[in-house]
Structure formats: structure tokens, C-alpha cells
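In what follows, chains carry the letters A, B, and so on, assigned in the order in which the sequence lines appear, proteins first and then strands, with residues in each chain numbered from 1.
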Amino acid sequence: MSRQANRGTESKKMSSELFTLTYGALVTQLCKDYENDEDVNKQLDKMGYNIGVRLIEDFLARSNVGRCHDFRETADVIAKVAFKMYLGITPSITNWSPAGDEFSLILENNPLVDFVELPDNHSSLIYSNLLCGVLRGALEMVQMAVEARFVQDTLKGDGVTEIRMRFIRRIEDNLPAGEE
Amino acid sequence: MAAPAEPLPPVIYTMENKPIVTCAGDQNLFTSIYPTLSQQLPREPMEWRRSYGRAPKMIHLESNFVQFKEELLPKEGNKALLTFPFLHIYWTECCDTEVYKATVKDDLTKWQNVLKAHSSVDWLIVVVENDAKKKNKTNILPRTSIVDKIRNDFCNKQSDRCVVLSDPLKDSSRTQESWNAFLTKLRTSLLMSFTKNLGKFEDDMRTLREKRTEPGWSFCDYFMVQEELAFVFEMLQQFEDALVQYDELDALFSQYVVNFGAGDGANWLTFFCQPVKSWNGLILRKPIDMEKRELIQRQEATLLDLRSYLFSRQCTLLLFLQRPWEVAQRALELLHNCVQELKLLEVSVPPGALDCWVFLSCLEVLQRIEGCCDRAQIDSNIAHTVGLWSYATEKLKSLGYLCGLVSEKGPNSEDLNRIVDLLAGLGAERPETANTAQSPYKKLKEALSSVEAFEKHYLELSHAAIEMHTSIGRTRSARLVGKDLAEFYMRKKSPQKAEIYLQGALKNYLAEGWALPITHTRKQLAECQKHLGQTENYLQTSSLLASDHHLTEEERKHFCQEILSFASRQTDSPGHKIVLPLHCFAQLRDLHFTPSNAVVHVGGVLSVEITMCSQMPIPVYVEQIAINVHFSIEKNNYRKTAEWLTKHKTSNGIINFPVETSPFPASQNNLPALELYEMFERSPSDNSLNTTGIICKNVHMLLRRQESSASLETPSGVALEDGAHVLKCSGVTLEPGANRITFRTQAKEPGTYTLRQLRASVGPVWFVLPHLSPRVQYDVYSQEPQLHVEPLADSLLAGIPQKVKFTVTTGHYTVKNGDSLQLSNAEAMLILCHAENRAVIYSNTREKASDVSLRVQSSDKVTSISLPAAPAYHMIEFELEVLSLPSAPVTGGDSSTLGVTEPHRKHKDTQKAGYCMATTDHKVSIDCPWSIYSTVIALTFSVPFRTTHSLLSAGTRKYIQVCVQNLSELDFQLSDGNLVDTGSSGDLQLVPLNTKTPQHIYSKQSVFFVWELKWTREPPPSLRCQFSVGFSPASEGRLSIPLKPYTYEFQVENFFTLYSVRAEILPPSGTEHCRTGSLCSLEVSITRLSDLLEVDKDEALTESDDYFSTKLMYEVVDNSSNWAVCGKSSGVISMPVAAQATHRVHMEVMPLFAGYLPLPDVRLFKYLPHHSAHSSQLDADSWIENDSLSVDKHVDEQLDSGSIKSRGSVHSASSSEHKGLPMPRLQALPPGQVFNSSTGMQILVIPSKDDHVLEVSVT
Amino acid sequence: MAVCVAVIAKENYPLYIRSIPTENELKFHYMVHTSLDVVDEKISAMGKALVDQRELYLGLLYPTEDYKVYPSHQLCRYGYVTNSKVKFVMVVDSSNTALRDNEIRSMFRKLHNSYTDVMCNPFYNPGDRIHSRAFDSMVTSMMIQVC
């Protein structure tokens, strides 16, 4: 939600409505262009990925966070710094898997879905799937292969929105798989 | 006593009320002053500063002067403000102390006491001074004025209570001053009195209101009190304040009622709950309706009474305030309010009573307003009054329905009773309206009196209301009233009157897309149309209703049934059709063709499948569903080939139709989007652009939109198109929802068929979709039968069997059994017919139909291929093997490709750099069963080989070498190459020096054959040979048919050696080796090998007594410039024509390099002397010869760089000849005739001793 | 409180209309439809002013006494128009609770906000009928208080 000319910690404000509506327009257009929701979800994820691989640079440049030593630390940075910086929200981190390789981001209010009501014919649409892509892409650039997926969504009538993050492996070669 | 003093004015509540002022003392004096006073008082306004922080006001005071009486003074408190004396004045003009002491003083004291007794402090003493009086007084006392005395005696410490008015009746400045002073005093004291007393009154009033929760409290009492206040304000012309009083009362009462509704009822309120007995509307003609007021006073008023009275007062005041429109508005609220208050208080009201009351009230208010405004005002304020009008209308209507005045057979007895009761409730008409003709009372009475009267009044009102509504643009309200009117008419069984209103309303609802009202109104309209017997409209409306989802299933079924029953019943007038728009009956969803490209050949079968969504609630049996088709002959009249057809339509032939959104208004998203297409007309021949443009494919949709709302009800003038071409499908039952219907048609005429109208006929009822959009069309094409013959490979090779594909496109022709293709064989190309040929039959869309065997029999001239029977618009494909003879006879037009002999041929070859294969065309004319003309097809074969030959000599022995070069891509097997002498010469034999075994010749490779020539007797000057070699593709093994060998004919001339030339280089004498730079001797010996032969017979031959000799010229040329020829390198010799005649020539040469050097080259030429005899003709060929010579020369030029001299000489010769001078000529000897035995010989040259540099040339 | 709430498009067709009790729906449709007359009147009359002091509330359109719909209730129709000429009409039962003007105002404001949200829903195409659960529930909350 914030973008600025000079990479500083201060961030220009911009209307969150515009942001939300823009994203809405994007999703609905995708819904027009693709037959089934699964394809739309895929596309969103791709877009997110492509955003993520770029955004990470911006993120690292502006938030002077060092390298994380474990997944928990990463989780904290994502929740407390990244989400705050870009979406102005701070999701809470919960139910860690005993192995410590999975956790959930709980978004009380997801700025992407203000005003949104899913019509019945789009029941299987994962509206905010872009976020998963972003997380995946961004982490991939810092040598972390993760899987991100929505397990709860307020749009689907759940109380909160929950993104489940799973650490897959460290990527040894520094080259990303390349934009999909 | 004076007139104004008595009698006491009775307290009547009129606008003439004035505040009362009492007068005591000298009445006559007062009487004399009164006129001036009463007129002077109101002249100047006075500011009234008021208590409770109310805004000060300027008031023109008037007052009502009455004679002072004790009983005027209120006993305790002051309830009645109107009768309350606000000021007491004592008048005297006494100027004589005696008199004062004697009478006036006592009188004053008495007066004062009375006032004190009633604790009234608002008093004034006026002393009038008159000079005249003073005059006639004789005894002049020391001048102590009466005024001072009075002040001393009465007004202690408030001396201003005593005023002097001097010479009031004079007209002098002094008089004026005193008047003014007096009046001001009077006014101020009046106002002070008002303030004081009203304030006190209001306080009391408030305390009284506070008590309202106490049990004994009565609203009516309180009402009276506050109204008193209102009256005073009114009296003081403070209408605003007066109105406020009433509004407060109003609010207070309403609040009570509401609370009562909420549960806590004040007991006094129960009194208002008594059943309503009289409902004679509002009375607004009198400023104060005393009767009702008294009712209230006596606590006998009903709620309606109270409300009516309150409103009448408010109305009066509002009118004083010039706010008539507020009256109207308040009235409406009041009426609604009363109605619901009665409900709240559960007051029992006889049915209709309220309607009467409201009706009367509305009219009363309206009339009252009209009474005080002029037409223009009213017209410009309809917005305020129209509400009352329509309310009144509404009420009258419900009264009508209540009393059975709306049924066509009039009211029954109980209705009549009800009417009587209602009228009774009106009571007698009021006197004030008694003599106005159109009084509400009279109207109502009359309206209820009879059906006709009611109708008259009701219509009058309705129309008035509608008119007003429309005049101020409240169309919707107008429509609503109209609908009521329509209902009324329907009740009255006069639907024709009702229809227009319903239509109007419906149109409005449709235009604005209000679904429920649409449905409801439609239902009414349907009934109306039914009564009117407007069959079509009724049916259409029914169909709309039947498809209306806002109705219940039953209703929809009912209307659907209506249609069906009509359809079944309608038989009387056959041929009479009822055309209705389709969309409300069923909707066309999609359509698709098989074949999917919607292209079919003449006679082919096309099927169209449509999906129709039936809107009907029940299954409907449809006799016939038909699609009207418009036929247009193909504009671009070039034959459509199968390819063109396939690419010209969308692959999946499904066309979707937009769902009709009929009941919705033309808002941006309901309008169909413009369907614009770019259009390119390309010329069929070269597909270049002829015309281009933009087409709007749904114009009709867009245009129809405009009048859609209207046309929805009245059957839109659906133009039925004449059905020349119609797709039919009979006896379909349309289930509710989607139905698939399939039409089959056999294509007849070629052209484009556009689907125009869709029609479903249920009995005489036709549901028609006037336009199909997007436009749908299919094409029918016809095709001429055709034969294509093409090689399978990219190029056909001569000499070996090659496959050729025959494609018969049957087109409109049906191939019968026995039909056959007659191929008239070209010689040199034969068609190889195998035992088994197969033909495959495809449909035009390239589906394989069948696979049959093909019979081919060929006689020598004709090959006939009997085609398998195939239906029209199919393709028969088969392959045949053809074989072109590898080489045509020399005579053949194309023989030039072979036979090297022709010089020009040779030329051609050299020009074609990358030896491309020589080709032969074979034309085959084929007779097809479908046409009388025979088709000629040309097949081009290319000869895989290129052959060259050359003559080789060894001394007198001769060899012929043939080089076969394979130009094709294939590898071949060459077998038994053979060379025969086709010439006559018998004893000449050709000895092959080749292997017998077949040889492999790879693509782009060559193979050589050599034969030695042997002869015994003198050989002929020329030799014709034919080379032939059998060949077969290396790939295949044994071939079915024996192949013709490849032949090559050529001719060799002068192959017989006449001269042998020997050159020898001898080292200088004394040395056994030649050295560079040292001269050596070159000896050339030319030997004649034969005696005179035919070939020698030319002009070079000279004969002298049977001794023949010929002139030769030799030339020594060193191409490799190894040698420097010293001295003359060429010379002419005369050679005796006799065997073994030898001629030797010596010359000096010097080797330039060391090493084994090849000998210089020696050439021989015929030397032809010039013969002047036939120079002319000789000139001609001299050119040629010279030409040929110079050619040779030029060839040398490239090589030779050494012998400049010699060439120079020759050149001089040739050039000189150009000048036309007769010169001898040179002629090269044919290669066969000269054998140079020393070619290839080398001689060792050692470097000269003194050379420091050793140059070695290696050759 | 509100017995009928309607949202009417610029072109005067209903985008949303809901009333209780439902059996009298038709009646309300007629009622709301006719009240458009006054809405238009008011808009055209004080249109200038409206724009100027950004006043969207049109106030009382007119009272109705109607036995059929609501025995013993006075129904008042109030109007409200957005600057995009979308109209809100509320039929309010003001019989036993004399509603203050500003209460009505606030109700309209709630309505307007909720409508704005509907418009912002990317899946809603402007001009369509409103089928939004959120909007529905909001309307219900305004109607719930009817006696």
C-alpha cells in the first residue's frame, strides 16, 4: 500500500480504496478471461510470484532487516515488517507445526477484500491468492522454497483469513527458477 | 350618559375585541374627548417589550373605553382576559380648589379604594385644563394648581400617574404637545399592564399545565385557559403568538394520544374515546366555531370535534398570516392523523364514517383556500392542494365500494341502510354553507344518493386529480389514480374505458422497469382485454403473464391454459392467424448446424439444432416450429472449393443468442451492444481487396428497443415473411425450460440461406421471432466434377515406374458403375497396370467413405480405368504407375536433350551450369464420363542421366569413351552397357573394355564406359553409334516390368589418324643434358600415315600429275612457358599426301627452368590458300572458317603467353582479311586426324652451372 | 421504523426494494414508485441548493394513511438522493414513534454507506439489481424495529 520515490523508511500514503478496487478489478477481469476459478487462482498466484520476486528487493532495501536465522524469524519479519509495510496490517502468527516448518498467518482484516462479496458462481475462487504468490516469490529470492495457501477466508464465511505457510527446502543455487 | 359608556359591550369573540379601559370621573368631559382620543390612540405604534425574552413587537394599540363599574373588576385572579380591564382612567377638569376639596377629592378617593380593593394598580388620572374656564373665574387665588394637589393626595411617589391634558379641543401647538405626552403615557401604561397581566396569566397557565398528571386535571379546562391567551394575542393582532398557543395544545393532545396508544392513558382521555356519532367534516367558514367550543367547554366534545375546532382555529390564524398552502398541508396531515388517532384510541367508528369525514374535510379545506386565493395562485400551488384532491377521491371511491354504488346493479338493501346511516351521521347542513351550491355536504349527499350521481362525482374528482397530477408532472401518481379509475370502470363493466388507463400505467411501469406493478397491471389488463374480446392482445398479455415468474404457478398455468384452450377452440375462421412475439412464449438460446461449418453441397443434408427455452409453466404441444429462410444467390460467383468452404465458417457451429430482457427499461446495460463487424470483399481471382466497410449486425435490435416498451403490449406488427424456403419441424412438445429441436433439410439450389424468422404455431396462434440475431446463415454450393492428376514425388523420373495420383472430385456428378476414365496413351509413356489397384472414396469433408479395388485395363492405344460407383460430392483417389521411356528417338522433338552431336545442343549444355535434368513432357488426354470434352493433362518426366562421349586415340588405335552422369537423387544399378555401330560400315567392330557386372551409380556421380574401335578396311569418315545401358533404381530389387535401357546416340567423324607428330628436343651437341639458358634444338617430325583419303579432298589439296600434296601449317606453342622458342615458331609446309611421307622441322628452343619439362606443344593446321575463282561465295564461309579459327586462337590466347610473334602473324592475317584482301586461311584438323605421339613426353633439364639460383619447375 | 426500503436507479427502475410484511409488497412498490414523483419534484425544485450545500436528504415526501397495508399506522415516505442521482426511498411507520428528522437522516446515511460498499464490490456491475447479503442484513436491521 506504500510506494515511494526514494527508498526510505517513510512511505507515501495512498487511498486504500483505490488499492482495493484496483485489485478487485484485476480479479474480476481474470474471472472474465478464464473459465474456471482454478485457472484464476493459478493466474493470481503467478502474478503474485512475479510481484514477490521484485518486491523482495524493495523490501530488503527499505526495511533494513538482516538475514533470518530460522523460519520462525522469517515468519516474524513477514508478519511484523512486510505485511505492515505493504498492507498496513500485522497478522498474527499461530499454530506452528511441531517441526517448526509450518505456521499460519492470521489476518483479522484483509485489506484486499473490503467491500468484496463472492458471488455464488465463484465459490471456489481464492480471491486473495495473489498474496500466496507474493510470499512464495519473495521467499524464493532469499533461497527459501515455501508453500503458501489459504486455509480460511472471511470471504468464505470464516471468522478470519488464514494463510498457511510451509517451508519446503533451502534453494542452494542462487538463481531463481525464473519468472513463470 | 354618553353613547359609548353603556350598554356594556357583551363579550363576543370576534376580531372586534379590544383591550378594555374603564373611565371614571367627569363623563361629559370624557365624551367630549373620546372621538379625538379613540382616533389618536392607534395612530402611533408603540414598542412592546415582553417578558420571557420574547422578541419585542411594535403594536398599534386600540382599546375599548367603558364606564368604570366595580363589577367590571375581576374578583379572584383573571381567567377571562378578554373581559379584563387593563387600565382605569379618572377624568376631571376641575380647576377650582374649592370644588376640588368639595367633590372631586372624595370621588377620587372612593375610586382609588375600589381599585385598591381589587388590587388593581393600573390607573391614570387625567386633568384637563381649559383657559376658558379659568377666564370666567373671578376670584383669583394664589396659584396653586389642582394637579399638584392631586399628585400630593394620590400619586405619592409616582407623580406620573397624573397627567395634564390642556385645551384638548383647541388646535394649537401646545395642545398637540400635551396630547402627545398624554397618549404616550396612555400607551406605555397600557402595555405595562399587558405585560404584567399576561405574564401573570401565563404563569398561572403553566402551573395549571404542570398539574396535568394529577387525577382531576382536565384537558378541556386547560384548553380554554390557553385559548384565552391565544385570543388575547389575536386581539392584539399577534397571530403568530396565537397560533403558537394552538399548536402547543395540538402537540399536547397528540402526545397524550400517542402515550395512550403506548399504554398509559390519562383518564380524561377516555372521554374522547366515545364512539363517533357525527362526522360532518371540518368547518372553516367561521373564525370561531362556537358550538364546538362550547362542547369542549362542557367537556362533551368528541375527538373529531376537538380536532376540528383546533384545526379551524389554526386555519383561521394561518389565513390571517397569508399562509393558505400551509393550511392545505396541515390539513392532510391532520386527516391522516385523526384517522390513526381514532384507531389508536380504539374509538368505534361506523364503517364509512371516517371516509365521509375525511371527504368532507378535504373539500372544505380546499374550498376555504379557494375562497381566499385567486385562480392564479391556486394553479401555481397545485402541488400543495393535489394531495387533498386525491385523498378525497380515494375516500369517495372507498365509500362507493362500501355502499355498493360501484356495482353495475346498484346498491342492495343493506347498502342502502348503510347509506342512510352515513347520511344521518352528517346531520343537517350548516347554515353558513347552506346556500353555497357546491358545498361538500351537498356533494357527498348527492354522491351517495345514486349510482349515477356517485359516478359523476367520482369521475369528476378523479379527472381533476389526474389533471392536477399531470399538470405538475406527477405522472406516476396520475397513473395510480388512473388505475383506480380503471378498476372502477371494470367494476362498472365498461372495460373499453378502463383499457386506456391500464395501458398508460403499464407503459409507465415498463418504461421504468417495475416488475411487480407490471405484473399486477398486466393481470388487470388481461381481464380487461378479455372482456373487450381483443383476442390478440389478450393472448399476448396472457403469454406474457404465463411466462411471468412473479406470478404464482397456478396463475401462470391459468393464463397458459387460456392460450391453449383458445388455440384448440379457434376453428371457425380457418387461415386466420394470430401472430404474437415469440420471446414471451419461448426464448431461442442457441443454434448449431451439422455439418458444423454450415456449408453443404447441393443435395446434401443439413440439420439445424436449436435450443428453445419454453417460458410456459406446463408442457405445450406445438404443431409446427418453422424457421423462415431467405435465399440469396451467391454474390461472389466463383466455385467454392472444399478448402474455401472449410475455412469460411467458425469451426464449432454453435451460435448463441442473447437472452431477451423484455420487461426492463432501456438502461445502458440492458441495451444490446452494437455488434459492429468489419467487412472485406475480396475479389475471388487474386484475393485483392475490392470493398471494405463496417456492418452493424443487430440494427433491428437497437432500433426496436426504442418502441419496445410500447410494442410489448400491443402485438408488434410482426411482418410475416413469405416462406419460399422454410425449415419445418412438426409436432413438438415444448417442456418448460430448455428444449432441443432439430430441423433437417436437403440442400437444393446453391447459394446462401439466411435464417430470418422463427415461428412456433399452436393452432392458429403463431409465436414469431421476427429477427434472428446474430444473423445465422448456411451455404449450399454446387461443384463441377473434376479430375486432378499429380505426381506423388516432386518430380517424375523417366525410365522407371513412377506413381501418379488421380483424384476425381465427383461434384454434382454421381459416378455409376461402368463409368470409366479413358486415357489415350501417349507413345513413350505407358501406364503400368498391376493386378491390384485400390481406390479410396472420400466424402467432400474428407471422411473416408470406402475402399474399393479398381479395374484398369489398357490396350495399346487406350487405358481405361473403370471408376467405382461413388455418390455426388465425393472424391475418388487412386494411384497409378506410369513409365516414361528414358530416351526418346532422336527424331522426337525433345531428342535434343540426348545426342551430343548437334553443336547448338552442346551450347545449351554449357550454358546450364549445374546440369539440371533434361525433361520430357507427356500429354495424356483423358475422357471423363461427365464431360464430352477430354481433359488433357501433361506429365513432365526428367531424364535422370546426362551422357557425354569422347574419342581417344593411341597412335592409330581409336577408343570411344562414354560418360554417364547421374543427376537424380536416386542411386541406380547400371547393367550391360552396350555400344553399337548404327552406321553401315560392316567390318568396324567395337570392343568393349568394360566389366560385365552391373555397376552402381550413385546420385550425382558418373560412370565411364570405353570401347576400342577396330577395323580392317578403310573406315568410313564418320561413325554413328548408339550407347545403351540398362538401369534400375538401386533401392528396389527386382522390378515387375522389364525396363527399357537408357540409350544415347552420337556420331564420331574423322576418327582416322592422318598425321602423327613427333617432337624431340636434343641437348646441344656435346652435352647429354639440356641446361637452362642454353639453346637446344627442337626437332618436329610430321608423318603422313595414310594415302589419299576422302577427307583430304579439299582446296588445300594440290595435285600435279598424280602427286598429291597438301599444305599444312605447324606451330610450336609452349603453354607452360617453360621454353623460349627462338626463331620462327611456325611455318607452312607442303605435305605430300602419301603414307609415310615425313616432314621434319628444326628450331631452337631454350629451357627456362630446370627439371623435367614437358615438350612444347606442336599444332597442325590445314593451310587453305585463297582461290580468287569463287571468292564471293567463299567470302561467306571464309567468315565462318575465320571465325572458327579465331575461336581457336582465342582459346589459345588464354593459355599461350609465349609465342607472341606467331600469333601476331596470324592476327595480321586474319585482320588483313578483314580488309577484304584475299588471304590464305587456316583450318584446325579434327582431333582424330592428328596424333601427337610426344604429348606427355618430358625431358630432363639441368640447371646451367653458373646459376647460383636453382629454379626448379615441377610440372 | 422503516417498513420498506428501496434503492432506485438513475433511470428510475428499482435496484433494490424490500418491505415487510412481504404480502403487501405490491402495495409498497406502488407507493415507492409514486413517491418518485415528489422525489423528482424536490430534486428539480431545490436541485441547485442540493448541489450547493451538499444536502442529499429530501425530507418527508408525503404521509399516507393506508388501512390495507398497515391498519392504524401512518406511513411516511422519505427520500434521499445521491449525487449520482440514485434515489433512496424509505417508507417509515411513524405512527407511534414520532421519528425525528435526524434519525431518518442517519438511517439514510447508513443506507448510503452500505450502498457505496455494494458499488465497491468488484463483482457487482453497476446498474444490476442488488443481491448483497451485507446490504440485505443492513436493511433488515433498519426494519427490525417495526412493531
Side-chain angles (χ1 to χ4, degrees), chain B residues 251 254-255 257-262 329 332-333 335-346 354 358 383 386-387 390-391 394-395 398 469 472-481 483 505 508-521 550 663-670, chain C residues 4 6 8-15 17-19 22-45 60-68 70-77 86-87 89 93-98 124-129 147:
Chain B
S254 313
Q255 193 51 50
V257 178
V258 170
N259 296 351
F260 184 88
Q329 179 208 331
L332 201 55
E333 283 170 40
L335 299 178
H336 290 136
N337 202 16
C338 290
V339 172
Q340 65 165 282
E341 278 184 345
L342 287 171
K343 293 278 177 5
L344 268 179
L345 299 178
E346 289 136 8
L354 270 181
V358 172
V386 68
S390 40
Y391 199 18
E394 200 178 307
K395 287 307 165 191
S398 48
H469 276 309
I472 57 168
R474 292 191 180 177
T475 46
R476 301 179 186 81
S477 316
R479 297 295 186 199
L480 202 57
V481 181
K483 274 185 82 262
N508 178 275
Y509 298 138
L510 281 167
E512 297 188 336
W514 286 71
L516 258 56
I518 289 172
T519 313
H520 178 240
T521 316
H550 292 101
F664 291 132
S667 89
Q668 65 274 44
N669 28 28
N670 293 333
Chain C
C4 173
I8 293 131
K10 179 150 148 294
E11 298 83 2
N12 286 336
Y13 63 92
L15 289 173
I17 177 161
R18 181 138 151 267
S19 59
T22 37
E23 61 268 17
N24 298 104
E25 221 179 344
L26 177 63
K27 193 76 200 168
F28 279 113
H29 279 242
Y30 278 124
M31 214 188 261
V32 173
H33 183 249
T34 44
S35 48
L36 286 178
D37 280 335
V38 187
V39 171
D40 291 353
E41 237 166 58
K42 295 214 175 203
I43 291 172
S44 53
L60 177 65
L61 300 178
Y62 41 65
T64 321
E65 161 256 322
D66 199 322
Y67 310 108
K68 288 168 236 64
Y70 259 93
S72 85
H73 286 89
Q74 176 167 17
L75 301 177
C76 294
R77 308 177 218 175
V86 172
K87 298 134 195 147
V89 172
D93 164 27
S94 64
S95 57
N96 46 6
T97 56
Y124 171 79
N125 326 16
D128 290 2
R129 303 284 184 278
C147 56

Only one of B:I472, B:T475, B:V386 passes side-chain contact (heavy atoms from CB on, under 4.5 Å) with C:D37, and that residue is B:T475

Donor-acceptor contact present, side-chain C:N12 to main-chain B:E512, <3.5 Å: no

Value for NE2 (B:H520) from CD (C:E25), rounded to nearest 0.5 Å, stands at 13.0 Å

C:P14 and B:G513 have their tightest heavy-atom pair at CD-O, 3.1 Å

Sorted by chain and number, sequence neighbours left out, side chain to side chain contact (heavy atoms under 4.5 Å, CB included) with B:T521 holds for B:K483, B:L502, B:A505, B:L506, B:Y509, B:Q524, C:Y30

**Report entry** Ion pair B:R476/C:D40, N-O distance below 4.0 Å
**Finding:** yes

Taken in chain and number order and not counting sequence neighbours, the residues that satisfy salt bridge (Lys or Arg N to Asp or Glu O under 4.0 Å) with B:R479 are none

Rounded to the nearest 0.5 angstrom, the NE2-CG distance for C:H33 and B:L480 is 9.5 Å

Q. Would you say C:I8 and B:W514 make side-chain contact, with heavy atoms under 4.5 Å?
A. yes

